[in-house]
Structure formats: C-alpha cells, structure tokens
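Below is one structure, written out as structure tokens; the observations come after it.
Within every chain, numbering begins at 1; the chains are lettered A, B, ... in the order of the sequence lines, protein sequences first and strands thereafter. Computed from a predicted model, the values in this text were never measured in an experiment.
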Amino acid sequence: MRVDTQLAVEVRTAIESAQASGALPAFAIPEVLTERPREAANGDLSSPIAMRLAKMARMAPLKIAQIIADHLPTLPYVREVVVAPPGFINFWVATTFLQTQVEEILTEGMDYGRITLGTGQKAQVECVSANPTGPITLGRTRGGVMGDTLARAMRAAGYDVTLEYYYNDAGRQITMLGESVKIRYLQLLGEAAELGDEHYQGEYIVDIAQEIQDAYGDALKNEADDFFANYAKDRISQKQKESLKRINIEFDVYFREYSLYENGRVWEALETLQQKGYVYEQDDAQWFRSTAFGDEKDRVLVKQSGEPTYRMPDIAYHWDKAQRGFDLVVDFFGPDHHATAPQVLMGVQALGYDTRFVRTVLHQIVSLVRGGEQVKMSTRRGTYVTLDELVDEVGPDPIRYFMISRSGNSEIIFDLDLAVEHSDKNPVYYIQNAHVRCAGIFRKWEEAGHDPHADEQADLSLLTHENELSFLRKAMELGNVLELMVNESEPHHITFYAYELASAFHPTYETCRVLHSEVPEPLRLARLRFYRAAQQLFARVLDLMGMSAPEVM
RNA sequence: GCCCCUGUAGCUCAGAGGAUAGAGCGUCGGCCUCCGAAGCCGGAAGCCCAGGUUCGAGUCCUGGCAGGGGCACCA
C-alpha cells in the first residue's frame with residue numbers, strides 16, 4: 001500500500017465530509033498531495049492543503065487544517081496526526097505498519113514499490129539511436145542509460161514498454177562510411193587512395209577493411225562502395241549491440257531507417273504533407289512550411305539533388321510511432337539534437353496527429369577527467385573514448401550509476417579515478433556494500449550451522465530501534481520515487497534514492513547487530529528477517545538501475 | 001544576432017510552489033576485543049543580481065550579468 005497516496009485520498013474524503021456537515025463551505029477541491037517534510041520533527045508525511053483552501057473557504061488555514069484533522073477517521077497505519085502552523089497537517093506512520101514492510105518487501109521481491117500509473121498503457125522509449133558509422137560514444141551512452149533506466153521505472157509503473165533504437169542505416173553518412181572503408185581497403189592493398197576531410201578517420205575503419213581483406217583478398221578492388229557500406233554498417237551495428245549489452249542495455253526493437261524507404265513510408269509522408277498543403281518548392285528543393293507550427297523558418301525536406309534530408313525519414317519514423325498507438329513515447333536526445341527535435345514533431349502535427357503523447361528528454365554532454373585533468377576528445381579525429389574502452393577500464397556498474405547520477409540538464413564530468421576507487425568516496429560501492437554486508441550476515445549465520453530459515457518465524461514487533469524504523473520509512477518511499485521518475489521522465493532520482501537508502505542502512509548495520517553474543521535470541525531472529533528484507537530491497541533498487549547486486553566485493 | 005541548458009557550501013550536485021535549503025567530496029575532530037572501517041558519529045561553511053506573481057519563491061514570470069551548447073539543401 002502507498003501510504004502517501006492513500007493518505008491524500010483520506011484527506012480529500014475528510015474535506016468532503018466536512019463540507020457535507022457544514023464545517024467547511026462548499027468549493028471545488030483541488031488536487032490533494034502529501035509530501036515528506038524536510039524536518040523529521042514535522043512527521044513522516046504532511047499535507048499543505050489547508051493553506052491552498054484558505055482563500056476558497058475564506059477561513060484561516062490553521063482552522064481549516066484542524067477541521068480536516070477532526071474529520072479524518074482513525075487509520076491503522078497512522079500513529080498520530082498533528083496540526084501545525086501555518087496550516088500543515090502532519091502524519092506519523094504507525095510503527096506496526098513500518099514493521100509490516102519487512103514481509104511486504106520479501107513477498108513482493110523484485111516487484112516491491114510497483115505502482116499503477118501506467119497500467120494498461122503502451123509506451124515506447126527511444127534512445128541511443130546512433131548511426132552505424134562508429135563505436136558508441138559517451139554521449140550516446142548517457143542517453144542509453146537514461147532511457148533504459150526510465151524504461152525500467154516505467155515497467156515498474158505498469159507500462160508495457162518497448163525500448164527502441166532508431167538505426168540510421170541510410171543516407172549520406174552511410175555513403176561516406178562505405179567510401180572510407182573502401183579507401184582503407186585499397187590502402188591495405190597498396191593502392192594510392194586518400195581519405196578526405198569528410199571521411200571517417202577512426203582506427204576501427206582500418207580494422208573493418210582488414211577484415212574484408214582477410215576474407216576476400218584483393219578480389220573486391222573494383223567492387224562498388226555499396227558493398228563496403230553494407231558490410232561496415234552491419235559489422236558496426238553488431239558491435240554497438242554487443243557494447244550496449246555489456247552495460248545491460250538490450251533493445252526490444254531496432255528500427256531501421258532504411259525500412260522506411262523499402263516500404264515507401266518516407267515518400268508517403270511527403271505526399272501526405274503535400275496534400276495537406278505544407279510543402280512548397282523553391283530553388284529546386286521541397287520545403288516544409290514549419291513556420292505554420294511556430295518554427296522560426298521553413299525547413300528543407302528534399303534537397304535539390306532529389307535526396308531527402310534527415311528530417312524527412314525522422315518525420316516518417318515519428319508518424320509511424322503515432323500510428324503504432326503508443327500512449328506515451330519518450331525520446332532521448334543529446335545536445336546535438338536539441339534544435340531539431342521540435343521540427344520533427346511539427347512534421348507529425350502537420351500529418352494530422354496530436355503530438356502530446358511524445359516527450360523529448362534532452363541531456364547535456366559527458367566529459368572525462370583522469371588524474372584531475374580533462375581528457376581531450378574529438379569525434380572528427382576519432383580520438384574520443386568509446387563505451388567499450390570505458391567498460392574495460394571501470395566496469396559496467398560505475399557507468400550505469402554515474403550516467404544517471406545527474407539531472408539530464410547538467411553536464412556530467414566522469415571521474416575515471418573515482419569510478420574505480422573502492423572506498424567510501426565512491427557511491428557505487430557505498431550502495432553495493434549494503435547488499436554485500438547483508439549477504440555477509442547470512443553467510444556467517446549458515447557457516448555457523450544455523451537453520452537458514454530460522455528468521456521466517458521472527459517476531460517483527462521487536463524491530464523498534466529508530467535506525468531500523470528509519471530504514472523502513474525510506475523503503476516505503478520507493479513507489480513515490482518511481483512515480484516522480486516516470487512523471488518527470490527523470491531517471492536520476494533513483495541514484496539519489498539508492499544513496500539515501502544506503503545512508504539509512506549503514507548506521508543500522510553498525511548499531512543493530514545480529515550475530516553478536518549479547519543480542520537476545522528473539523531479537524536476533526527479527527533482525528535476521530530485517531536484513532533479509534534489506535538485502536532484497538537493495539537487489540531490487542540496484543536492478544532498477546541496471547546494476548549488479550554482489551554478495552562479495 | 002536568435003534558440004536551448006546552467007548559475008545553490010571551497011569543489012561536484014539534489015531540491016516534485018510549502019515549515020529551520022539537503023547530500024557527496026574536501027576540511028576540522030572523534031570511533032575497530034565478535035556480522036566487511038568499501039563503515040559509523042560530530043563540527044564549520046551556501047540559494048548570481050534586480051523587479052514581479054503568490055498566504056508562501058531556491059523553485060514560477062520579466063529584465064540583467066556570467067558560463068556551456070546549438071543555429072546546414074550533415075545526421
């Protein structure tokens with residue numbers, strides 16, 4: 001049960017019954033919220049509703065709060081209700097209810113904290129969507145971790161989620177890719193060929209050329225660029241999938257841009273826009289009248305050359321999303337797409353769809369620091385650090401954690417030294433260590449020959465230490481955190497929650513011993529049960545972040 | 001020039017219109033004879049500026065100032 005939302009319902013009902021009895025005048029009740037007060041002295045939950053009602057009710061907030069409190073029924077999960085100036089209604093959750101969370105966590109397991117926000121709704125999360133022209137970069141990694149984490153939260157919120165990768169396997173970049181590989185291949189054969197400025201400079205191009213040479217020798221000397229383009233994009237795409245899998249990101253759908261050409265959707269979209277009168281010709285190009293949707297200028301859809309710009313298939317792709325009937329679509333874009341995302345939605349509007357089902361989430365760049373110095377990266381020169389290199393150096397868990405450790409609006413400075421540091425400075429280990437410490441308790445317990453199931457008979461009413469109760473209070477907030485993540489499309493909240501949970505755990509571990517000799521037997525069993533639940537909850541939260549829950553480190 | 005993002009503690013960042021603005025790092029001072037010190041306990045230290053909306057503004061609006069990114073018939 002969500003105590004926060006349930007209390008909000010109770011408060012609303014109390015207002016209604018106060019109105020019915022004439023204690024409060026009639027007015028439309030706005031949304032009732034409960035929130036966690038900053039100060040523990042102000043209770044576990046609080047509602048500021050009385051302040052909002054003051055004007056409508058033409059009464060002092062404090063008096064309204066008192067009337068609402070008087071109309072609240074006795075609730076088994078609430079220990080105390082206090083009205084406080086200037087008009088807060090503060091609630092303390094009953095200790096007995098906190099204790100029930102132990103079994104709740106163990107029963108629900110990897111579903112603990114789930115909410116019903118998206119029940120029965122179809123959603124899509126699109127992220128990464130890199131061109132298959134090179135390795136996954138850190139910027140794309142960030143979008144990927146954000147998207148995957150949000151998808152996990154949305155699943156926990158009941159959505160049927162499709163995690164999708166839009167794979168730009170058509171257009172000019174692929175042409176350049178093919179040329180680049182062919183030039184490298186010819187070079188390997190000792191032919192005179194030079195890369196131009198627009199070609200891909202990275203070493204991986206040489207590797208692919210080498211692969212081709214190993215397989216075909218010099219037989220492809222006169223082969224068309226297309227062969228090299230197709231070979232390279234398949235190879236690179238496969239590598240990208242493998243890289244992403246290393247950080248626990250696996251897509252449900254790889255949507256190929258090229259398929260929009262194969263099935264004619266790109267041209268169909270263009271024709272539809274033309275029929276609706278949003279396309280005109282100028283300078284031998286086809287222009288989209290995006291100014292009709294608030295854009296600062298019109299945009300080219302089809303170039304003089306007759307080729308579509310990237311915009312055209314992007315619009316067709318989002319048109320397709322609209323037709324697939326998603327209730328919610330979340331697109332993640334890096335800083336290079338901040339300006340273009342709205343134009344695509346304007347195109348979908350022009351095609352006749354309400355685009356409110358699409359949310360675009362933008363994020364800022366990722367930079368690397370090593371030894372206190374910024375690591376210099378350049379995409380053009382191919383001197384950027386790739387996801388694979390980062391996984392090799394720090395492992396998947398720190399990447400998952402740090403990539404969502406900030407709001408998307410903040411730049412991330414990834415500290416390579418900190419990421420691998422096994423100390424209290426590193427939040428990754430701080431959180432995982434909570435799980436490890438729990439596992440350690442049970443390992444010792446069983447090694448000593450005790451019954452591994454002994455805690456199933458525990459008397460949980462013995463869990464009265466303030467640290468234990470604080471941990472259980474924090475545990476109960478998970479649903480609220482998931483709701484916030486999904487409503488705001490902000491995955492970073494889970495890292496803060498995980499850290500806070502660990503911060504509630506470690507002092508408990510220090511003060512509420514289990515195996516020490518002075519602990520009375522019934523309390524020992526209750527605490528075993530408590531740590532069993534704690535371990536389960538850390539496994540749950542780490543899984544929501546796509547991280548491992550180690551038993552030893 | 002136009003658009004987007006950001007200015008909160010020495011540093012890096014949370015802050016969902018509510019009460020005395022929270023963390024981590026750093027700093028200063030304590031804590032291991034039994035479950036992992038990869039930990040715990042305590043101290044000092046902060047909302048860029050000016051208006052406005054509101055019962056109430058770090059949060060919303062307007063205008064400054066400062067930093068970052070983007071403004072292609074590339075994607």
Looking only at side-chain N and O atoms, does [X] come under 4.0 Å of OP1 or OP2 in [N]?
{"X": "A/Tyr430", "N": "B/C40", "result": "yes"}
{"X": "A/His493", "N": "B/C13", "result": "no"}
{"X": "A/Lys55", "N": "B/U54", "result": "no"}
{"X": "A/Arg38", "N": "B/A19", "result": "yes"}
{"X": "A/Asn409", "N": "B/U6", "result": "yes"}

* To do: For the pair A/Phe402 and A/Phe414, name the ring-plane relationship: parallel under 30°, tilted 30 to 60°, perpendicular over 60°.
  =>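 Aromatic pair A/Phe402/A/Phe414 classed perpendicular.
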Using the [atom1] atoms only, state how far [M] lies from [N], rounded to an integer number of Å.
{"N": "B/U59", "M": "B/A50", "atom1": "P", "value": "13 Å"}
{"N": "B/G64", "M": "B/A75", "atom1": "C1'", "value": "37 Å"}
{"N": "B/C47", "M": "B/A9", "atom1": "P", "value": "8 Å"}
{"N": "B/C13", "M": "B/G52", "atom1": "C1'", "value": "29 Å"}

* **Stems where RNA chain B pairs, listed by first number, each of three or more Watson-Crick or G-U pairs under 3.5 Å** => B:1-7 with B:65-71, B:10-13 with B:22-25, B:27-31 with B:39-43, B:48-52 with B:60-64
* **Pi-cation contact, A/Tyr509 with A/Arg513 (under 6.0 Å, within 45°)** => yes
* Asked: If you draw the axis of the six-membered ring of A/Phe442, does the NZ or CZ of A/Arg532 fall within 45° of it and under 6.0 Å from the ring centre?
  ->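 Pair A/Arg532/A/Phe442 counts as cation-pi.
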If we ignore hydrogens and angles and just use 3.5 Å, is the side chain of [X] paired with the main-chain N or O of [Y] as donor and acceptor?
{"X": "A/His516", "Y": "A/Glu518", "answer": "no"}
{"X": "A/Trp319", "Y": "A/Ala269", "answer": "no"}
{"X": "A/Asp331", "Y": "A/Thr360", "answer": "no"}

* To do: Would you please say whether a donor-acceptor pair under 3.5 Å links the side chains of A/His199 and A/Glu179?
  =>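 A donor-acceptor contact under 3.5 Å links the two side chains.
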* In chain order, what residues pass the ring pair (Phe, Tyr, Trp, His ring centres under 6.0 Å) check against A/Tyr165, with sequence neighbours excluded? -> A/Phe251, A/Tyr254
Would you mind classifying the nucleic acid contact of [X] as base, sugar-phosphate or nothing, using non-hydrogen atoms under 4.0 angstrom?
{"X": "A/Ser46", "result": "base"}
{"X": "A/Asn426", "result": "nothing"}
{"X": "A/Pro48", "result": "base"}
{"X": "A/Ala285", "result": "base"}

* Give a yes or no on whether a donor-acceptor pair under 3.5 Å exists between the nucleobase atoms of B/A19, that is its base, and the side chain of A/Asn90. =>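 It does, because a donor-acceptor pair links the side chain of A/Asn90 to the base of B/A19 below 3.5 Å.
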* **base_contact_polar (B/A75 base, A/Thr340 side chain, donor-acceptor, <3.5 Å)** => no
* Structure fact -> Taking every heavy atom of A/Phe332 against every heavy atom of A/Met146, the minimum-distance pair comes out as CE2-CB, 3.7 Å
* Nucleic acid contacts of residues 509-529 of chain A, taken as heavy-atom distances under 4.0 Å to RNA chain B ->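 Going residue by residue through residues 509-529 of chain A, the ones with a heavy atom under 4.0 Å of RNA chain B turn out to be A/Tyr509, A/Glu510, A/Cys512, A/Arg513, A/Val514, A/Leu515, A/His516, A/Ser517, A/Glu518.
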